Amino acid sequence: MSAPQTDIEQLVGQRYRHGFVTEIESDTVPPGLSEDVIRFISAKKGEPEWLLEWRLKAYRHWLTMREPNWAKLGYPPIDYQGISYYSAPKQPSGPKSLDEVDPKLLETYAKLGIPLHERARLAGVAVDAVFDSVSVTTTFKDKLAEAGVIFCSFAEAAREHPELVRKYLGSVVPARDNFFAALNSAVFTDGSFVYIPEGVRCPMELSTYFRINQAKTGQFERTLIIAEAGSHVSYLEGCTAPQRDENQLHAAVVELVALRNAEIKYSTVQNWYPGDEEGRGGIYNFVTKRGDCREANAKISWTQVEAGSAITWKYPSCILRGDNSVGEFYSVAVTNNRQQADTGTKMIHIGRNTKSTIVSKGISAGRAQQAYRGLVKVFPTAENARNYTQCDSLLLGATCGAHTFPYMEVKNPSAIVEHEATTSRISDDQLFYCRQRGLKAEDAVNLIVNGFCKQVFRELPMEFAVEAQNLLNVSLEGAVG
Amino acid sequence: MLEIRDLRVSVAGKEILKGLSLTVRPGEVHAIMGPNGSGKSTLSHVLAGRDGYEVTGGTATWHGRDLLALPPEERAWAGVFLGFQYPVEIPGVSNVYLLRAALNAKRRHAGLPEIDAIGFLKLVREKAKLMQMDESFLNRGVNEGFSGGEKKRNEIFQLAVLEPTLALLDETDSGLDIDALKVVASGVNSLRSPERAFVLVTHYQRLLGYIEPDFVHVLAGGRIVRTGDKSLATELEASGYDALRAPAA
Ligand SMILES: Nc1ncnc2c1ncn2[C@@H]1O[C@H](COP(=O)(O)OP(=O)(O)OP(=O)(O)O)[C@@H](O)[C@H]1O
Ligand SMILES: [Mg+2]
């Protein structure tokens with residue numbers, strides 16, 4: 001047939017809708033990384049001495065480490081001295097109410113579709129808004145406090161709840177875990193902190209919106225969620241950044257701790273600026289996310305929709321330590337143009353009767369490259385462990401690639417580990433079939449892509465499933481040939 | 001009225017249709033028969049707007065509109081429906097989801113309000129019943145894992161829901177068992193109306209025993225070489241196409 005790919009290729013041009021810059025006065029440290037910079041950050045945050053020491057130790061170790069190169073990613077070397085490690089909009093320190101927040105910031109979040117004002121807010125969702133290196137505001141704090149839930153910026157938690165932070169910080173992702181986690185441990189600036197007391201079902205969805213604004217800065221946030229015995233929380237993070245020709249580094253760490261019978265549901269809609277068609281600009285997203293089912297019957301579930309970033313390096317994982325604990329990973333990753341993603345998960349079965357489910361859906365278009373990398377590890381102690389992995393790739397056009405690297409280490413003979421993988425391409429025949437029935441080509445692609453992702457979208461909180469679907473449609477939007 | 005004049009079509013540099021002419025009026029049923037590879041599917045694909053065919057001459061209009069100038073979806077909006085010889089599978093997209101999107105696209109184009117979920121469900125249930133299709137097929141992926149016969153039945157079910165005015169059915173009878181053939185035929189018969197035209201591509205006289213055509217054409221050597229009434233189909237069944245090939249060459 002003549003040029004079977006053309007229709008599809010023309011369909012997947014990309015438009016990024018969050019690429020604006022907020023003109024706001026900021027306190028930004030000059031580029032460069034040193035112990036002094038770390039001391040500066042720690043002082044800015046009013047941190048206790050032990051935390052500064054923790055950072056410095058991480059930094060000293062980081063200096064001895066090398067950037068990992070095993071991922072299927074190609075990019076020029078990152079100049080860690082060329083990045084500014086702290087940037088914050090100038091505002092009275094720690095605004096107490098929304099009225100004290102710079103209207104430009106409120107406007108920024110409104111433009112991103114995240115209204116922070118009481119009356120306009122998404123009903124039933126509490127939001128922590130992180131802008132460059134600081135949390136701008138956290139909503140519904142009082143209402144949550146009534147239930148005993150702590151939801152605040154990380155910096156505030158370090159000041160107000162040092163005993164909790166000290167107990168759990170680094171207990172899931174140690175400072176020396178990997179190159180990017182060590183860097184984050186040294187220079188992290190803000191992020192969210194969540195604590196759900198025993199037996200409490202968090203009365204609303206919690207969410208954090210990360211926004212990188214300032215040029216030449218990196219964002220290094222740290223999120224820590226602790227669910228005490230029998231508690232339950234659903235948390236969502238969203239991320240966007242302006243459109244710039246330079247690459248910007250985002251290296252976050254997320255730690256989840258679920259105790260006996262607790263459940264944490266963590267959802268991500270990642271839409272960092274992906275770069276242009278030629279691969280200029282875009283965020284380098286190197287993230288370490290790990291959950292620890294520390295006690296029996298705990299459950300941690302990761303759901304991610306990864307649409308943005310020039311480079312994604314991310315493996316949200318579960319350590320299934322408690323007996324009968326459950327880990328889940330549901331992922332949709334979309335790469336278009338020159339985007340690269342190496343993403344997947346690790347399920348570490350330690351306790352008895354632990355169960356994990358992995359559903360990964362990768363969509364590639366343009367000249368994008370995508371890899372699924374997953375590890376299922378069953379310790380000798382994990383009697384009757386179960387894993388089910390399903391890994392599907394959908395290719396749009398002929399110039400993109402999908403790769404699957406499933407690793408399995410099974411040390412207990414009673415374990416059952418299943419793996420299924422498929423790769424398919426949206427064919428011109430499918431497209432023609434839909435168009436013959438009256439659908440526009442764009443709508444046909446969206447229909448097929450959404451059908452492909454349905455299994456994962458189902459796992460998202462209702463309000464965000466629609467958002468995720470729209471995001472996907474935009475990511476693959478373009479002119480019809 | 002479908003009017004095809006002197007249509008010439010090449011595929012991969014090879015001329016398949018060599019000046020084909022055909023007129024189909026609303027309300028009529030035409031059957032097209034002809035040897036394998038003679039260009040029957042090519043004709044229906046070209047009319048529906050599939051990529052990969054080069055039209056080198058001639059015209060095709062539907063109610064005066066130049067079909068060949070329109071993208072496939074606009075032909076669908078204008079009333080053209082193609083029942084595929086080999087319906088493609090679209091895993092993950094449910095049958096009803098596609099149909100609802102298709103129906104609403106057509107309605108929007110016609111300036112009608114979109115059909116709501118309840119109205120739509122009622123409609124598809126009724127049509128599924130007409131096609132004696134189990135309702136479980138409605139929520140399965142489009143043609144996903146359907147047997148050959150089920151796929152064909154699904155095509156006619158879609159036809160019944162979308163109610164086009166020009167239905168091109170490419171070998172819808174192939175692969176159907178005798179009971180399914182009767183169901184499909186009665187489905188088609190119930191959709192016959194003064195506004196609606198059918199072009200049935202078939203290899204078998206049997207189908208035409210259930211759906212009585214107004215005209216039977218033989219496509220060979222890239223042209224319509226003979227036109228007759230339903231008795232032509234019976235004659236072909238007995239004598240084959242060989243007798244026709246010589247004069248057409
Ligand atoms: N992509 C292609 N490349 C080369 N030749 C093609 C292509 N598509 C169709 N043809 C050729 O065009 C001719 C007509 O094919 P077409 O499918 O229209 O025949 P048909 O009459 O429908 O046959 P059948 O009765 O077997 O369904 C055949 O010789 C076929 O091989
Ligand atoms: Mg054919």
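A note on names: the letters A, B, ... follow the listed sequences, proteins ahead of strands, and every chain is numbered from 1. Small disclaimer: the values here were computed from a predicted structure and weren't measured.
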Minimum heavy-atom separation for A:Gly438 to B:Ala105, with atom names?
->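 That would be O-CB, 3.2 Å.
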Heavy-atom pair with the smallest gap, counting every atom of B:Pro91 and A:Gln430 |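 So the two residues come closest at CD-NE2, 3.8 Å.
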Name the region of [X], side chain, backbone, both or neither, that has any atom closer than 4.5 Å to a heavy atom of chain A.
| X | answer |
| --- | --- |
| B:Pro164 | neither |
| B:Leu162 | side chain |
| B:Ala12 | neither |

If you tally heavy-atom pairs under 4.5 Å against chain B, which of A:Ile448, A:Asp429, A:Leu439 wins?
->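 Most pairs with chain B among the choices: A:Leu439.
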Atom [atom1] of [X] and atom [atom2] of [Y]: how far apart are they, to the nearest 0.5 Å?
| X | Y | atom1 | atom2 | answer |
| --- | --- | --- | --- | --- |
| A:Ser424 | B:Ile90 | OG | CD1 | 12.0 Å |
| B:Tyr97 | A:Asn450 | OH | CG | 6.0 Å |
| B:Leu98 | A:Leu447 | CG | CG | 6.0 Å |
| B:Asn104 | A:Asp443 | CG | CG | 11.5 Å |

Side chain to side chain contact (heavy atoms under 4.5 Å, CB included) between A:Gln436 and B:Val80, worked out | CA-CA 8 Å; A:Gln436 203 306 301; B:Val80 177; 4.2 Å; yes
Between B:Leu82, B:Asp51, B:Val88, which is the residue that forms a side chain to side chain contact (heavy atoms under 4.5 Å, CB included) with A:Phe432?
->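 That would be B:Leu82; it is the only one of B:Leu82, B:Asp51, B:Val88 passing the side chain to side chain contact (heavy atoms under 4.5 Å, CB included) with A:Phe432.
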NZ/NE/NH1/NH2 to OD/OE distance under 4.0 Å, B:Glu73 and A:Arg435 |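 Here B:Glu73 pairs with A:Arg435 in a salt bridge, since their nearest N and O are under 4.0 Å apart.
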Check ion pair A:Asp428-B:Arg50 (N to O, under 4.0 angstrom) =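 B:Arg50 and A:Asp428: not salt-bridged.
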Please indicate whether B:Lys106 has more than 12 foreign heavy atoms, meaning atoms of other residues, nucleotides or ligands, lying under 6.0 Å from its NZ.
->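 Enclosed: over 12 neighbouring heavy atoms sit under 6.0 Å from NZ of B:Lys106.
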Which of residues 108-124 of chain B have a heavy atom under 4.5 Å from any heavy atom of chain A?
->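 Those residues of residues 108-124 of chain B which would need a heavy atom under 4.5 Å from chain A do not exist here.
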Contact listing (chain A partner; residues 125-160 of chain B; heavy atom under 4.5 Å) |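 Counting heavy atoms that sit under 4.5 Å from chain A, the residues of residues 125-160 of chain B involved are B:Val142, B:Asn143, B:Glu155, B:Gln158.
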Among all residues two or more places apart in sequence or in another chain, which pass the ring pair (Phe, Tyr, Trp, His ring centres under 6.0 Å) test with A:Tyr433?
->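 Ring pair (Phe, Tyr, Trp, His ring centres under 6.0 Å) check on A:Tyr433 returns B:Phe84.
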For B:Arg65, check salt bridge (Lys or Arg N to Asp or Glu O under 4.0 Å) against everything at least two apart and list the hits.
->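 For B:Arg65 there are no salt bridge (Lys or Arg N to Asp or Glu O under 4.0 Å) partners, ignoring immediate neighbours.
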